[in-house]
Amino acid sequence: MNNDLLAGLNPEQLSAVTWPAKSALVLAGAGSGKTRVLTTRIAWLLQTGQASPAGVLAVTFTNKAAREMQTRLAAMIPVNVKTMWIGTFHGLCNRFLRVHYRDAGLPQTFQILDSGDQSSAIKRLLKSLDISDEKFPPKAVQQFINSQKESGVRAGELSAHDPYTRKLIELYAAYDAQCQREGVVDFAELLLRSYEVLSRNAALSEHYRNRFRFVLVDEFQDTNRLQYAWLKLLAGPDNALFAVGDDDQSIYAFRGAEVGNMRALLSDYGVTGPIRLEQNYRSAGTILDAANALIERNDGRLGKSLWTDAGPGDKIRLYEAYSDGEEAQFIVDEVRALARDGWNLADMAVLYRSNAQSRILEHVLVQSGVAYRIYGGLRFFERQEIKHALAYLRLVANPEDDNALLRVINVPARGIGARSVENLQTASREQGVSLWQALCGAGGGRTAGKLAEFVRLIDSLRQRCEALSLAETISLIIDASGLRAMYEADKKDGEERLANLDELVNAALGFLPQEPAMAVIEFLTQASLEAGDHQADAGADALQLMTVHAAKGLEFDAVFVGGLEEGLFPHENSMNDGKGLEEERRLMYVAMTRARKRLYLSCAQSRMLHGQSRYPIRSRFVDELPAELLQVLSATVKTAAAPVRNAYAQGRIAAAPLAANLGGWKMGQGLHHTKFGDGVVINAEGAGDDVRLQINFAEHGIKWLDLRYAKDKLSAQ
DNA sequence: ATGCCACTAATTTTT
DNA sequence: TTAGTGGCAT
């Protein structure tokens with residue numbers, strides 16, 4: 001037996017990889033070789049003959065993770081990874097539903113709505129029911145529907161006493177009916193529908209349980225209720241559910257992730273305890289010590305402490321800037337210094353809590369001529385020109401697709417205005433037929449000619465496409481629909497949009513369908529399930545800018561975490577309850593553990609937020625790090641519990657513009673409160689005699705005081 | 001049908 | 001501050 005597979009694994013990794021055919025929970029710390037363990041275990045199962053390629057189910061959250069698993073597995077052993085059930089929750093559910101579409105009550109060619117499509121479907125529904133989107137904002141309805149689906153609950157199982165919720169439930173039911181009528185499913189529906197098919201059909205779930213003796217899950221801490229329920233259906237007591245995750249890196253509770261699933265797995269599957277992967281192969285010792293110290297403050301952890309046999313490395317650099325601009329300047333200066341020392345820009349990242357923080361960094365980066373790349377923003381298949389072209393494709397494939405029809409009926413403008421569309425929608429509702437059918441039946445009216453012309457366009461496209469390949473079809477659609485002409489006439493960004501459309505044809509050219517007859521459906525599915533890269537110039541040597549969330553799973557030689565201020569990181573919306581604060585702390589933990597060699601933390605004493613200057617204080621997370629691991633680069637910073645002395649207190653910056661309104665108090669001024677003791681003014685709002693001051697008290701922490709009441713209790717210091 | 005003004009809200013996000 | 005949206009005028 002060739003055991004090269006197992007060479008170089010540490011004892012814990014080895015134990016996880018060669019775990020017998022029963023369930024396990026692997027508590028995999030950041031940088032502990034999680035993906036390696038997962039892929040090596042699959043390779044091991046196959047190589048030892050414990051499993052056949054068809055007998056393994058491996059689930060991830062992102063396409064990127066799934067692809068990486070496939071690539072690495074293919075490099076380890078000769079196996080056709082394409083045929084294996086390795087994929088995302090959604091991708092695998094799609095695959096399942098394409099096979100069992102009859103059991104699921106779906107057309108074989110069902111289409112997938114991405115969140116944008118779902119949003120327009122909901123807006124359309126609200127309109128058709130004549131419901132004001134004031135009272136029922138589409139976003140709120142969407143959120144309600146998705147969170148119910150992600151809890152595995154259908155509209156029919158819900159009840160409510162208040163009329164508002166009752167209406168939401170009604171809308172949920174009506175939305176599902178609309179989707180069903182149109183043969184489309186949203187993301188959550190892929191999961192829920194698969195779950196229902198399996199749970200209703202004992203023979204079918206039995207079949208899959210027998211087939212998938214080994215079920216492996218990545219990022220298990222991010223699973224929601226429905227995903228875990230789905231896993232439990234596929235992995236019964238006799239199957240081996242092998243879940244890998246890290247409760248300390250659970251940062252998606254806000255979108256339904258349930259860390260509790262980790263503990264649930266232990267009891268549901270009678271697993272005695274997690275296998276801990278604590279040896280870290282990424283970061284220098286000091287970074288790990290600091291991260292450990294931070295995360296230890298969270299309650300209810302499964303418990304884990306990262307270590308490395310690499311040396312301690314550099315201390316963590318801490319910089320407290322006067323302003324957000326100066327903070328950005330510091331970061332960029334430091335990046336340039338490192339680059340001069342031979343560090344690659346692409347191996348450095350600036351991480352921030354919220355996207356808005358990138359603006360000022362960009363500004364300084366442009367000024368300094370440093371190449372950078374921002375993660376996030378529009379992705380390829382989300383661009384309007386791509387969506388338009390694909391809507392035509394959908395319409396050609398299935399004219400009953402109302403969403404697609406509405407998207408392009410007047411794009412490019414062909415004289416079918418809002419009122420004609422409204423008439424059409426009324427007609428379709430009254431006759432109980434799709435928009436397309438209503439369109440075909442439309443008699444008189446002023447726009448009748450235009451409508452008929454549109455019908456002819458789609459019909460002729462369908463006919464002409466029959467004999468064409470996917471790429472030829474898309475190419476024809478772009479030309480014949482008038483999209484190309486429209487963007488050629490658009491001087492502003494037509495050129496870029498045309499280039500993207502060409503790119504779309506290219507993508508179609510390189511697309512290999514599983515089943516050639518289904519090429520169009522498969523291509524549309526892929527476009528929905530895999531929206532593509534954020535940016536094309538990914539390969540260039542450029543400084544990486546992204547949110548901490550986006551950085552999960554990545555690593556860099558040098559990491560800058562900016563905006564470490566109360567209210568920003570931790571974010572003020574999460575500061576009220578302990579759960580929120582702990583998630584923010586995990587976010588900080590994720591941020592820190594991205595760094596290999598060098599970690600920089602920074603904050604600013606004044607920051608522009610929502611067009612107003614704020615004077616925040618340093619994040620508690622900085623103070624939670626052991627002082628001996630930090631090297632303070634700025635002159636003003638004080639560590640530990642003492643009130644923060646900011647630039648104002650030191651007279652370094654002119655009084656804030658607000659100062660006149662503060663009822664005699666100044667930003668940064670020291671004061672004494674009869675009850676709370678000594679403190680410093682750190683923020684204020686209001687004017688005249690309605691002023692509130694935010695004060696950081698040495699003993700009692702940060703408080704907002706209403707001057708109307710607190711006036712007599714305060715004295716200057 | 002398009003463009004302008006006023007208004008509002010303002011984390012994090014994959015599929 | 002700014003980005004996105006809705007109403008209204010051209």
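Order of the sequence lines fixes the chain letters, A, B, ..., with proteins taken first and strands second; residue numbering starts at 1 for each chain.
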**Report entry** Residues in ring pair (Phe, Tyr, Trp, His ring centres under 6.0 Å) contact with His549(A), at least two apart in sequence or another chain
**Finding:** Tyr252(A), Phe254(A)
Expressed as a whole number of angstroms, how long is the span from [X]:[atom1] to [N]:[atom2]?
X	N	atom1	atom2	answer
Lys139(A)	dT13(B)	NZ	C1'	13 Å
Leu554(A)	dT13(B)	CG	C1'	15 Å
Arg414(A)	dA1(B)	CZ	C1'	15 Å
Leu568(A)	dT12(B)	CG	P	10 Å
Ile251(A)	dT13(B)	CD1	P	9 Å
Lys552(A)	dT15(B)	NZ	P	12 Å
Leu529(A)	dT14(B)	CG	P	14 Å
Phe89(A)	dT15(B)	CZ	P	13 Å

With the criterion being N/O to N/O and under 3.5 Å, what pairs connect the protein with nucleotides 6-11 of chain B, and how long is each?
unit_1	atom_1	unit_2	atom_2	d
dA10(B)	N3	His610(A)	ND1	3.4
dT11(B)	O4'	His571(A)	NE2	3.2
dT11(B)	O2	Arg353(A)	NH1	2.8
dT11(B)	O2	Arg353(A)	NH2	2.5

Please identify each residue that fulfils side-chain hydrogen bond (donor to acceptor under 3.5 Å, both in side chains) with [X], with sequence neighbours left out.
X	answer
Tyr600(A)	Glu334(A), Arg598(A)
Gln526(A)	none
Arg497(A)	Glu385(A)
Gln357(A)	Ser354(A)

Residue list, side chain to side chain contact (heavy atoms under 4.5 Å, CB included) with [X], at least two apart or on another chain:
X	value
Lys139(A)	none
Ala28(A)	Val26(A), Ser32(A), Lys34(A), Val244(A), Leu277(A)
Met486(A)	Val411(A), Pro412(A), Leu483(A)
Glu572(A)	Met575(A)

Query raised in the report: Does Arg154(A) count as lying over the ring of Tyr172(A), i.e. NZ or CZ under 6.0 Å from the six-ring centre, within 45 degrees of the axis?
Result: no
Query raised in the report: With a distance cut-off below 6.0 Å to the six-membered ring centre and an angular limit of 45° from the axis, does Arg373(A) pair with Tyr375(A) as a cation-pi contact?
Result: yes
Report summary line: Whichever of Gly91(A) and Asn410(A) has the more 5' nearest nucleotide on DNA chain B, that residue is Asn410(A)
Query raised in the report: Nearest nucleotide by nearest heavy atom, which residue falls closer to the 5' end of DNA chain B, Ala413(A) or Thr62(A)?
Result: Ala413(A)
**Report entry** Proximity to DNA chain B (any heavy atom under 4.0 Å), residues of residues 114-130 of chain A only
**Finding:** Ser115(A)
Report task. Check every strand shown and say whether Asp186(A) touches a base, only sugar-phosphate, or nothing at a heavy-atom separation below 4.0 Å. Result -> nothing
Report task. Report which part of the nucleic acid Phe254(A) touches: base, sugar-phosphate, or nothing (heavy-atom distance under 4.0 Å, all strands). Result -> base
Report task. Would you mind telling me which of dT15(B), dT12(B), dA1(B) lies closest to the side-chain atoms of Arg419(A)? Result -> dA1(B)
Requested in this report: Could you tell me whether the phosphate oxygens of dT15(B), OP1 or OP2, come under 4.0 Å of any side-chain nitrogen or oxygen in Arg255(A)?
Outcome: no
Report task. Using the C1' atom on both, measure dT5(C) against dT12(B) and round to a whole Å. Result -> 23 Å
Query - Test salt bridge (charged side-chain N to carboxylate O under 4.0 Å, His left out) applied to Asp117(A) and Lys123(A), Arg124(A), Lys387(A), the passing residue - result: Lys387(A)
Query - Heavy-atom contact window of chain A on DNA chain C, given 5' to 3' at under 4.0 Å - result: dT1(C) to dA3(C)
